[in-house]
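Shown next, in structure tokens, is the structure this report addresses.
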Amino acid sequence: MRSLVTGGAGFIGSHLVEALLERGDEVMVVDNLSTGRRENLEAAAENPRLAFHEDTIMNEGLLRELIPGADRIFHLAAAVGVMLIVERPVHTIETNIHGTELVLRIAAEHGAPVLVASSSEVCGKGDGGPYREDDDMVLGPTSRSRWSYAASKAVDEFLALAYHKERGLPAVVARFFNTIGPRQVGRYGMVVPRFVSQALSGGPITVYGDGTQTRSFGWVGDVVRGAIALMEEPEARGRVFNLGSDEEVSIRELAERIRAKTDPGVEIVHVPYEEAYEAGFEDLGRRVPDLSRARETIGYRPTLTLDEILDRIIEAAAR
Ligand code: UDP
């Protein structure tokens, strides 16, 4: 089996590449190392079944070269991270929409199954959940950059479902909810690696707002296994699946747990949103996935508690 993984040097992508190599796949990676890193693939670098192409998914010529040789495509390449989105909205919109369109169009010419990685951002700012895949999207106004990411990922989902419906492409959408694990970096805004590195370097830990907002964090190993299972399940095609965990935690509590596990002497400070992001930034009060569809279709179940995940992340970061 030969898999193409776009974004394969990213945080989730590199864990997926390792899992596919372990299963005996040949793996082609396309990654322009914008947010991905070469070191993420260090452990796999010597594997003769891995071929790395440092390039953008906007390079149609390269996609036309690689896709005909792929038995399946995991499309993870995207502009990600709330901070990057606020700072570079043009790049975000163009990469996420045009890149996905190219991958799907060329895949459809060859009939190769595609998994499109989406995001819980698509759920928008509804009631906080637990969100089902077919719930309404409630997005904020176009004048707030954050929502350009949600809208671009929603277009990706529409495109994948449309290619399935109209062109018969075996496509499935995986909606990742706040995935965490080793190798994730805090530079683009993600809270867990930020808190861990702040705690390990003497603090302070920066909680945005009052810290009562909640999230549920999915273990990257579970999410990657779920993505592969979705790709291999014919019943999943033409549908959207939430992947993550439904264990909820407030951001203040998260900061306290990370502090307790690293350095109890570290200070936790609260930073107003307008200082952290930009004036008028809209945060989400709560976001929890309903995982029943993935459970029923592929037997998906989170295997680790948040505490166990944090222990693994801290151990990897302290190494
Ligand atoms: N957050 C925080 N301090 C940080 C980074 C993030 O308090 O240094 C908060 C952020 O405001 C949000 C939550 O942590 O409420 C999750 O943020 P992240 O960017 O990781 O994910 P998303 O907002 O996309 O769920």
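Whatever order the structure lists them in is the order used to number ligands and atoms, beginning at 1. Source: prediction; values computed, not measured. Side chains are part of it too, since the values below use all heavy atoms of this structure and drop only hydrogens, waters and symmetry mates.
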Check for me whether Arg225 meets the cation-pi criterion with Trp219, that is, NZ or CZ under 6.0 Å from the six-membered ring centre and within 45 degrees of the ring axis. no
Ligand-side contact atoms (ligand 1) for residue partner [X], heavy atom cut-off under 4.0 Å:
| X | answer |
| --- | --- |
| Glu121 | 24 (O) |
| Met190 | 20 (O) |
| Val207 | 7 (O) |
| Arg287 | 22 (P), 24 (O), 25 (O) |

Closest protein heavy atom to [atom], given as residue, atom name and distance to 0.1 Å:
| atom | result |
| --- | --- |
| atom 15 (O) of ligand 1 | Asp283 OD2, 2.6 Å |
| atom 13 (C) of ligand 1 | Ile251 CD1, 3.7 Å |
| atom 20 (O) of ligand 1 | Val191 N, 2.8 Å |
| atom 3 (N) of ligand 1 | Thr206 O, 2.7 Å |
| atom 19 (O) of ligand 1 | Gly189 O, 3.4 Å |
| atom 21 (O) of ligand 1 | Asn178 ND2, 3.3 Å |
| atom 7 (O) of ligand 1 | Tyr208 N, 2.7 Å |
| atom 8 (O) of ligand 1 | Arg194 NE, 2.7 Å |

Side chains of [X] and [Y] only: does a donor on one sit below 3.5 Å from an acceptor on the other?
| X | Y | answer |
| --- | --- | --- |
| Trp147 | Glu282 | yes |
| Gln198 | Thr206 | yes |
| Asp283 | Tyr208 | no |
| Glu247 | Ser216 | no |
| Ser14 | Arg183 | yes |

Under 3.5 Å between some N or O of ligand 1 and some N or O of Arg146?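 Yes, at least one N or O pair falls under 3.5 Å.
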If you measure every N/O of Arg215 against every N/O of ligand 1, is any gap under 3.5 Å? yes
Check ion pair Arg2-Asp25 (N to O, under 4.0 angstrom): no
Report, as yes or no, whether the 6.0 Å neighbourhood of atom CD on Glu232 holds more than 12 heavy atoms from other residues, nucleotides or ligands. yes
Whether over 12 other heavy atoms sit under 6.0 Å from Glu253 CD: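 Enclosed: over 12 neighbouring heavy atoms sit under 6.0 Å from CD of Glu253.
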Nearest heavy atom to atom 10 (C) of ligand 1 wins, so pick from Tyr273, Tyr277, Phe281. Tyr277
Determine whether a donor-acceptor pair (N or O, by modelled atom type, separation under 3.5 Å) exists between the side chain of Arg175 and the backbone of Val122.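 No.
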